[in-house]
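Remarks on the structure that follows.
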Amino acid sequence: MDAYERITRNATEVVTESEGRELAEDPEGKRAYVGYEPSGVLHIGHMLTATKLIDLQEAGFEVTVLLADVHAYLNDKGTFEEIRETAERMKAQFLAYGLDEERTEFVYGSEFQFDREYVLDLHALELETTLSRAERAMAEIKSGDSVRVSQAVYPLMQALDIVYLDVDLAVGGMEQRKVHMLARDTLPGIGEASPTCLHTPLIADLDTGVGKMSASEGVSISMEDSTADIERKVNDAFCPPTRDPDPDDEGRERENPVLQIFEYHVFPRYDTVVVERPDEYGGDLTYTDYESLAADLDAGALHPADAKGALATYLDELIAPGRAKLRDAISDA
RNA sequence: CCGCCCUUAGCUCAGACUGGUAGAGCAGCCGACUGUAGAUCGGCUUGCCCCCCGUUCAAAUCGGGGAGGGCGGACCA
């Protein structure tokens with residue numbers, strides 16, 4: 001696998017492709033970052049970007065994880081004290097998941113976002129940005145139903161973080177797309193370069209296949225789930241026998257979340273996937289790539305119930321080490 | 001600062017005028033049917049009716065006070 005392929009695999013888009021190729025020419029020592037609003041548990045959405053960070057490290061990048069405590073505060077997630085606590089918990093979860101502590105720099109936003117120079121640059125960016133643009137950028141991120149001034153400042157700080165953390169590549173889920181585009185448009189206005197951005201897909205809501213899985217509502221799979229939790233959640237998941245489900249009654253597009261998890265979480269880390277199947281249905285199946293599994297499901301050669309059984313097994317295996325580390329950390333404390 | 005509107009189930013809201021301690025849809029949960037889920041049937045659960053004070057035999061409903069949220073205030077007129 002060449003560097004560009006490693007950097008962009010499982011990503012929905014690189015903005016722009018030519019900038020991405022330029023980074024891939026000499027990735028050694030290049031810097032990438034993802035910012036996370038601290039939430040107590042690491043769910044498989046977070047794991048998707050975390051896995052991407054591991055890809056980048058393997059390609060030679062230096063990786064920074066921003067624990068965005070100030071952002072969480074601006075987005076009404078609690079007091080600084082409460083946020084600090086969940087941020088520390090989240091850091092522990094990332095380490096348990098498998099980010100290498102030696103090679104990953106964890107930075108709290110509050111460490112540099114109150115510096116005079118940062119704040120002055122922030123005000124300059126505020127001057128570059130209309131309220132409606134900032135609001136649109138926040139559409140996928142904001143909490144609460146009424147927009148606060150703080151939430152308009154939020155995306156501008158993300159733009160500045162890219163400058164102050166001195167990164168060459170900003171990584172995030174597709175919900176970050178508008179924020180990153182805002183950064184690309186406004187940073188030149190204060191004399192800074194437009195950042196290159198890499199966006200990972202969003203896994204659809206497990207129950208319905210609509211929209212994106214969310215930690216705050218609906219079902220999400222996290223590192224704190226037991227084997228039984230995972231079996232239950234996977235079994236309850238929306239999974240029609242097709243890779244391209246029809247829209248729901250309200251005309252909203254639907255994805256097949258079971259296939260998505262196979263594609264984005266299982267196959268990137270397993271060379272072969274064995275689907276155990278009772279003899280009465282034809283016995284075990286073995287796959288070495290996502291495409292053939294998806295094609296079998298689509299063709300009716302693989303029943304969703306069997307796919308779910310395999311998914312639960314592999315997901316559980318993926319989560320087990322982190323789950324064990326977390327358990328040890330808790331019993332140590 | 002001033003004015004108008006809103007606050008009832010997890011969500012969207014009805015009920016308020018004509019007081020008698022609450023309803024619908026959706027969601028959720030359970031069951032049937034599917035070798036998964038969904039869809040479709042069948043069943044079930046859910047409430048400090050924003051808070052306080054008052055009137056009353058009786059207040060979601062009437063009166064007063066307060067809180068939270070939304071919208072508005074110039075000019076054109």
Side-chain angles (χ1 to χ4, degrees), chain A residues 39-41 43-45 73-79 131-132 134-136 138-140 142-152 201-222 225-267 273-287 290 292-318:
Chain A
S39 77
V41 282
H43 64 67
I44 61 176
Y73 179 78
L74 293 174
N75 204 16
D76 200 21
K77 293 295 172 64
T79 64
L131 203 48
S132 72
E135 199 175 329
R136 274 183 286 137
M138 284 296 284
E140 301 287 324
K142 72 171 196 284
S143 68
D145 41 10
S146 51
V147 194
R148 310 288 156 136
V149 174
S150 61
Q151 289 167 328
L202 302 177
I203 291 178
D205 181 80
L206 271 186
D207 277 338
T208 63
V210 174
K212 64 162 178 161
M213 189 174 67
S214 151
S216 52
E217 55 189 70
V219 177
S220 69
I221 292 175
S222 83
D225 284 329
S226 67
T227 301
D229 288 336
I230 289 176
E231 284 170 354
R232 180 180 51 79
K233 288 177 179 180
V234 169
N235 184 55
D236 287 350
F238 175 72
C239 185
T242 168
R243 57 198 304 174
D244 187 22
D246 291 331
D248 71 3
D249 293 340
E250 291 159 44
R252 295 176 299 188
E253 285 302 315
R254 287 193 288 199
E255 301 294 330
N256 186 323
V258 170
L259 283 183
Q260 287 185 315
I261 297 171
F262 266 115
E263 180 174 14
Y264 300 130
H265 283 288
V266 177
F267 279 103
V273 169
V274 177
V275 176
E276 293 182 5
R277 193 168 63 169
D279 288 338
E280 76 175 287
Y281 296 124
D284 294 357
L285 291 164
T286 300
Y287 297 98
Y290 166 73
S292 47
L293 183 147
D296 268 11
L297 187 88
D298 218 25
L302 170 63
H303 192 280
D306 296 320
K308 282 180 171 180
L311 181 62
T313 302
Y314 282 93
L315 254 190
D316 186 58
E317 216 173 289
L318 278 173

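If you're wondering where the values come from, they're calculated on a predicted model, not measured in any experiment. Each chain gets a letter, A, B and so on, in the order the sequences are listed, and its residues count up from 1.
- Closest approach of A/Tyr264 and A/Pro201 over heavy atoms only: CZ-CG, 3.4 Å.
- When all heavy atoms are compared, the tightest approach of A/Thr286 to A/Val274 is OG1-CG2, 4.1 Å.
- Base pairing analysis places B/C41 opposite B/G31; the two distances defining the Watson-Crick or G-U wobble pair are each below 3.5 Å.
- Using atom C1' as the reference point in both B/U61 and B/G70, the two lie 24 Å apart (nearest Å).
- A 6.0 Å sphere centred on OH of A/Tyr73 holds no more than 12 heavy atoms belonging to other residues, nucleotides or ligands.
- A 3.5 Å limit on both hydrogen-bonding distances identifies B/U7 as the Watson-Crick or G-U partner of B/A67.
- The gap from the P atom of B/C52 to that of B/A74 amounts to 38 Å, rounded to the nearest Å.
- Taking the six-membered ring where tryptophan is involved, the planes of A/Phe267 and A/Tyr290 are perpendicular, since the angle between them exceeds 60° and thus also 30°.
- Between A/Asp207 atom CG and B/G38 atom C1' the separation is 10 Å, expressed in whole Å.
- Only the P atoms considered, B/C76 is 50 Å distant from B/A60, to the nearest whole Å.
- No donor-acceptor distance shorter than 3.5 angstrom exists from the side chain of A/Asp296 to the backbone of A/Leu302, with no hydrogens or angles considered.
- Separation of the C1' atoms belonging to B/A9 and B/G25 is 12 Å when rounded to the nearest angstrom.
- The partner of B/A77 cannot be assigned: no Watson-Crick or G-U wobble pair with both contacts below 3.5 Å exists in any strand.
- Separating the C1' atom of B/G43 from that of B/C6 is a span of 36 Å, rounded to the nearest Å.
- The CG atom of A/Leu206 sits 14 Å away from the P atom of B/A37 (whole-angstrom rounding).
- Put simply, CG on A/Asp76 is 14 Å from P on B/G68, counting in whole angstrom units.
- At the heavy-atom level, A/Pro245 lies nowhere under 4.0 Å from the strands shown.
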Kindly give the atom pairs (protein nitrogen or oxygen, nucleotide nitrogen or oxygen) under 3.5 Å for nucleotides 32-35 of chain B.
{"from": "B/G35", "atom 1": "O6", "to": "A/Asp306", "atom 2": "OD2", "distance (Å)": "3.4"}
{"from": "B/G35", "atom 1": "N1", "to": "A/Asp306", "atom 2": "OD1", "distance (Å)": "3.3"}
{"from": "B/G35", "atom 1": "N1", "to": "A/Asp306", "atom 2": "OD2", "distance (Å)": "2.7"}
{"from": "B/G35", "atom 1": "N2", "to": "A/Asp306", "atom 2": "OD1", "distance (Å)": "2.5"}

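- Of all the residues in residues 228-240 of chain A, A/Asn235, A/Asp236, A/Ala237, A/Phe238, A/Cys239, A/Pro240 reach under 4.0 Å from RNA chain B with at least one non-hydrogen atom.
- Here, B/G47 and B/C53 have their P atoms 23 Å apart, quoted to the whole Å.
- For B/C17 and B/G63, the C1' atoms lie 15 Å apart once the distance is rounded to whole Å.
- The nucleotide B/A24 finds its pairing partner in B/U12, both defining distances of the Watson-Crick or G-U wobble pair being shorter than 3.5 Å.
- As a whole-Å value, the separation of A/Leu297 CG from B/G38 P is 16 Å.
- Pair assignment for B/G19: none, as no Watson-Crick or G-U wobble contacts are both less than 3.5 Å.
- At least one donor-acceptor pair under 3.5 Å links the side chain of A/Asn256 to the backbone N or O of A/Pro240.
- Side chain of A/Arg277 to backbone of A/Asp284: no donor-acceptor contact under 3.5 angstrom is found.
- Pairs of residues two or more places apart, or lying in two chains, that qualify as salt bridge (charged side-chain N to carboxylate O under 4.0 Å, His left out) and include a residue from residues 230-239 of chain A are A/Asp225-A/Lys233, A/Asp229-A/Arg232.
- Nucleotides B/U8 and B/G69 are separated by 15 Å at their P atoms, to the nearest Å.
- With A/Glu255 contributing its side chain and A/Gln260 its backbone, the two residues share no donor-acceptor pair below 3.5 Å.
- Of the possible donor and acceptor atoms, one in the side chain of A/Lys308 sits under 3.5 Å from a partner among the backbone N and O of A/Ala237.
- Remark: B/C49 base-pairs with no nucleotide in the shown strands. Criterion, Watson-Crick or G-U wobble with two distances under 3.5 Å.
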